[in-house]
Structures are given as structure tokens and as C-alpha cells.
Amino acid sequence: MKTKLILLTMLMVCSFSVFAQNSPFKKQFDRYKSIKFTYVTKAMMDMAPQMKIGNVMLKDLKNKVEQVEVYSNVMSTQGGGSSNVVASVIMYREAKKILTEGKYELLLQVNEGGKDISFWAKRDKEIIKEMVNVSHYPSKGSRGQCEVLRLVGHFTIEDIKKITK
């Protein structure tokens, strides 16, 4: 039993280190202490089939999503203030730079009432290999916030339509 646990732990550490080398967002955002990071593996999604991240119900992409990354500079109502607004702007600009330089395709952009929400994708013909959602609220209260959601896997536009209803 201990051997299995040790092997499982080693496998998880190795897979995370491989992941960390392949994520342009992780590399860029690691420099900032105010940016929080969550990484969800396919194994975890299989164990929690009703998992919902933001407005995305991952059960609708079962067996199609390999990993999920969530980056956020959202802070509690205590603290943050103007420094958090600056952090949200920096995070937003760096995310947009990664997306434009990384040859992601802009699928949708909404800029309304102080919100900027966009969906980007990297495709191989009809198959989407990466989908990124950037949500920026530069003046939400006095805190400002930016969130980046990255889905990695093999899915189609129809799959995306299912999860965004």
C-alpha cells in the first residue's frame, strides 16, 4: 500500500513539473505573488464529475478535457485596494500578449459596462486543443480583478456551445 502511494505521489509530481514547463500562463504569472493558481488534472475531474469552474460545467466535456488551469488576482474585500487594480491590469495585459503572440484565435469578445470578456482558441482544423477565457473587471468595487481559465484537451465548437449555455 505504501509503495502504491509513493508511486502515485511521484507520478503526480512528475506530471505537474511537465505541465508547468508547457503552460505559457504559468511561466508568466509565476512572477507575481498576487496571482493565485489552480490546476485540475483529468484524474481529479474523473473523481468529481459534477465539477463546475466559473460558469463551466466540466461534466459536459467528460473525456475531452485533459487539464484545467485557473489564474486569478481576486482578493478578499480586506486589503487589495488600488494595488489589486494595478495587478489586474498587468495580468490582463500579459494574458493578451501571450494570446496574440501565441497565435490563439479570438472567438468572442464582449466589452460592456467596465467588463472585458474574451474567448480564445488554438485549433487543429476542427479540433480545439486549447480554449482560454480572459475576464477582466478593472473597476469591480475598489479591487479590480482578472481571471484566466485555460482548458486543454480535444473538443469541438459544439462541445463549447454545450458548456456555455
List the steps and the verdict of side-chain contact (heavy atoms from CB on, under 4.5 Å) for Y71 and E147. CA-CA 6 Å; Y71 304 90; E147 297 168 346; over 6 Å; no

For D116 and V110, run side-chain contact (heavy atoms from CB on, under 4.5 Å): C-alpha distance rounded to whole Å, both residues' side-chain angles, the deciding distance at 0.1 Å, then the answer. CA-CA 6 Å; D116 187 352; V110 177; over 6 Å; no

Go through the steps to decide whether R150 and E130 satisfy the test salt bridge (charged side-chain N to carboxylate O under 4.0 Å, His left out), and finish with yes or no. CA-CA 7 Å; R150 179 177 179 240; E130 287 182 50; 2.9 Å; yes

side-chain contact (heavy atoms from CB on, under 4.5 Å) assessment of I98 paired with R93: CA-CA 9 Å; I98 290 167; R93 287 182 182 159; over 6 Å; no

Where do I90 and F29 land on the side-chain contact (heavy atoms from CB on, under 4.5 Å) test, with the steps shown first? CA-CA 10 Å; I90 290 170; F29 294 153; over 6 Å; no

What do the steps show when you test S118 against Y104 for side chain to side chain donor-acceptor pair (under 3.5 Å), and what is the final call? CA-CA 12 Å; S118 56; Y104 287 81; over 6 Å; no

Quick one, R31 with E94, criterion salt bridge (charged side-chain N to carboxylate O under 4.0 Å, His left out). Give me CA distance, side-chain angles, the key distance, then yes/no. CA-CA 12 Å; R31 301 182 300 158; E94 294 203 13; 3.1 Å; yes

Give the intermediate values and the outcome of side chain to side chain donor-acceptor pair (under 3.5 Å) for residues N73 and Q145. CA-CA 6 Å; N73 79 316; Q145 73 184 54; over 6 Å; no

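F25 places none of its side-chain heavy atoms less than 4.5 Å from the side chain of I35. At a threshold of 4.5 Å between non-hydrogen side-chain atoms, the residues F155 and M131 count as touching. Within the 4.5 Å cutoff, the side chain of V132 has no heavy atoms near those of the L149 side chain. With a 4.5 Å cut-off on side-chain heavy atoms, Y39 and Q67 count as touching.
At a cut-off of 3.5 Å, with distance as the only test, a side-chain donor of H154 or E66 sits close to an acceptor on the other residue.
Residues E69 and S23 share a closest heavy-atom pair of OE1-OG, 2.8 Å. Closest approach of S88 to C146, counting heavy atoms only: O-CB, 3.7 Å.
Distance check: I117 CD1 to E112 CD gives 8.5 Å after rounding to the nearest 0.5 Å. The distance from atom OG of S135 to atom OH of Y92, rounded to the nearest 0.5 Å, is 10.5 Å. Taken to the nearest 0.5 Å, the OG1 atom of T100 stands 6.0 Å off from the CH2 atom of W120.
A single hydrophobic cluster is not seen to contain both F37 and V152; linkage of ILVMFWY side chains at heavy-atom distances under 4.5 Å, directly or through other members, places them apart. Cluster membership for I127 and L106, using ILVMFWY side-chain heavy atoms within less than 4.5 angstrom, is not shared.
Salt bridge annotation for K122-E105: absent, with no cationic side-chain nitrogen under 4.0 angstrom from a carboxylate oxygen.
Between the D159 side chain and the T156 main chain, a donor and an acceptor come within less than 3.5 Å of each other. At distances below 3.5 Å, not a single donor-acceptor pair connects side-chain atoms of K33 with backbone N or O atoms of D30.
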